[in-house]
Amino acid sequence: MNLVALGLQPETDTLYEDLLAHPGLPPEDAVERLGWELSVLDHALVELLDHGLVVLTDDRRTVPTDPAVALELLVAQRTSELARRVALVDSVRSAIPALHRIWSYDRGHRRPAVTGPGKRFDRYSYLAYREVLVIHPPGPLTRGHMAAALPVHRRLLRRGVSLRKIVAPEAHADPDSNRYLGELAALGADIRLHRVVTPHTLLIDGAIALICGDQVSTSRAKNRVQALTDEFERFWHIAEPFAATADKSPPLR
């Protein structure tokens with residue numbers, strides 16, 4: 001027999017077979033027959049009693065219950081439990097097509113290595129669940145920045161994270177920058193134009209600030225993050241809405 005398949009311990013299986021062969025005897029007699037310590041017997045006996053496989057009489061003798069009843073009930077319970085687990089496993093299988101679509105979204109295009117400020121933002125972006133605010137310094141966006149940031153922003157927008165960007169008007173005039181921003185806008189990013197003389201700044205859920213100057217610094221200080229958020233909102237309210245100009249070049253990858 002293999003009661004382990006029903007979730008019981010191997011010792012419980014051994015004791016059950018022994019008690020079936022020696023019904024009505026005190027359980028302590030099994031210690032000598034099996035060569036066990038008393039503590040091992042006690043643990044196995046408690047498990048048998050808990051599952052209704054044996055009963056203990058008033059004079060402390062063990063009487064096995066009818067296996068056709070007790071074991072059939074345990075088999076039914078275990079089968080039901082396994083069916084629930086199989087259903088959970090199948091739910092993972094049903095999600096595979098959607099996960100495959102996400103995986104294949106950029107298939108055939110090698111994602112550029114993320115270094116410098118982009119690497120740190122890539123790491124912190126996984127913490128974002130509500131909103132990311134970004135201020136870009138004056139000038140067009142560099143191709144290195146756009147290539148590294150685009151997959152991160154795509155991932156955020158697909159997860160439903162709000163993305164608001166303030167970029168300089170020069171970015172609107174630059175074809176590459178304009179095309180990059182237009183793709184983000186098409187994915188749901190909200191972009192406005194205003195020339196802000198400040199380092200590249202990213203604010204994640206009002207809790208984390210990344211300031212990318214000559215060196216990248218990170219702050220979780222509440223007052224610091226709030227001050228930068230207030231500054232962003234002031235610029236946001238006076239910035240002009242971004243509208244991508246027509247461009248027939250292929251999307252930036």
Side-chain angles (χ1 to χ4, degrees), residues 105-106 112 114 116-122 124-219 221-253:
Y105 187 82
D106 290 318
V114 182
K119 184 175 183 179
R120 189 171 299 192
F121 177 53
D122 190 26
Y124 278 101
S125 68
Y126 286 97
L127 303 177
Y129 67 92
R130 182 170 52 86
E131 184 176 52
V132 173
L133 310 178
V134 184
I135 300 179
H136 287 278
L141 307 177
T142 66
R143 288 193 65 84
H145 164 79
M146 291 185 287
L150 184 58
V152 181
H153 289 326
R154 281 174 177 162
R155 184 174 67 237
L156 288 170
L157 292 166
R158 284 199 297 262
R159 285 170 45 207
V161 177
S162 172
L163 175 62
R164 288 195 285 158
K165 275 179 171 280
I166 298 176
V167 299
E170 301 95 293
H172 186 269
D174 176 66
D176 288 339
S177 300
N178 182 75
R179 188 165 64 255
Y180 163 77
L181 295 171
E183 182 169 348
L184 289 183
L187 291 171
D190 198 352
I191 302 168
R192 295 190 181 183
L193 305 174
H194 190 70
R195 197 171 194 275
V196 182
V197 182
T198 186
H200 184 190
T201 303
L202 304 99
L203 303 164
I204 301 172
D205 288 337
I208 302 172
L210 299 179
I211 302 94
C212 311
D214 294 335
Q215 294 185 346
V216 182
S217 63
T218 306
S219 177
K222 186 175 181 180
N223 291 342
R224 173 66 169 153
V225 176
Q226 186 60 55
L228 291 170
T229 302
D230 292 342
E231 183 179 54
F232 176 93
E233 296 294 352
R234 285 196 298 272
F235 291 132
W236 183 258
H237 289 302
I238 61 176
E240 296 291 330
F242 167 81
T245 56
D247 183 57
K248 297 183 180 180
S249 301
L252 189 71
R253 295 295 181 182

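FYI, the numbering just counts along the sequence from 1.
No side-chain heavy atom of Met146 sits less than 4.5 Å from a side-chain heavy atom of Arg179. Inter-residue side-chain proximity for Arg195 and Glu170 is flagged as met; some heavy-atom pair is nearer than 4.5 Å. Using a 4.5 Å heavy-atom cutoff, the side chains of Phe232 and Val196 are not in contact. Taking the side chain as every heavy atom from C-beta outward, Ser162 and Asp190 never approach each other to under 4.5 Å. The side-chain heavy atoms of His153 and Leu156, taken from C-beta on, include a pair separated by under 4.5 Å. In this structure, Thr229 and Glu131 have side chains that are not in contact, with every pair of non-hydrogen atoms separated by 4.5 Å or more.
Distance alone, capped at 3.5 Å, places no donor-acceptor pair between the Ser219 side chain and the Ala209 backbone. Checked by atom type and distance alone, the side chain of Asp205 pairs as donor or acceptor with a backbone atom of Arg130 at under 3.5 Å. Listed for the His172 side chain is a donor-acceptor partner under 3.5 Å among the backbone atoms of Ala243.
Considering CH2 of Trp236 and NZ of Lys165, their distance stands at 11.0 Å, rounded to 0.5 Å. Here CD1 of Ile211 is found 8.5 Å from OG1 of Thr198. Values are rounded to the nearest 0.5 Å. With rounding to the nearest 0.5 Å, the separation of CD in Glu183 from CG in Leu187 is 6.0 Å. We find the CG-CG distance between Leu181 and Leu150 to be 10.5 Å, quoted to the nearest 0.5 Å. Interatomic distance, CD1 of Ile166 versus CZ of Arg234, reported as 11.0 Å (0.5 Å rounding).
For Ala189, the side-chain contact (heavy atoms from CB on, under 4.5 Å) partners at least two apart in sequence or on another chain are Leu157, Leu163, Leu184, Ile191. Applying the side-chain contact (heavy atoms from CB on, under 4.5 Å) criterion to Asn223, with sequence neighbours excluded, gives no partner residue.
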Could you walk me through whether Val167 and Leu193 pass side chain to side chain contact (heavy atoms under 4.5 Å, CB included), step by step?
CA-CA 5 Å; Val167 299; Leu193 305 174; 3.4 Å; yes
Side chain to side chain contact (heavy atoms under 4.5 Å, CB included) between Val161 and Val132: does it pass, once the steps are laid out?
CA-CA 7 Å; Val161 177; Val132 173; 4.1 Å; yes
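Considering every non-hydrogen atom in both Ala168 and Pro138, the closest pair reads CB-CA, 3.7 Å. Of all non-hydrogen atoms in Arg192 and His237, the two that sit nearest each other are NH1-CA, 4.3 Å. For Pro137 against Pro199, the heavy-atom pair with the smallest separation is CD-C, 4.4 Å.
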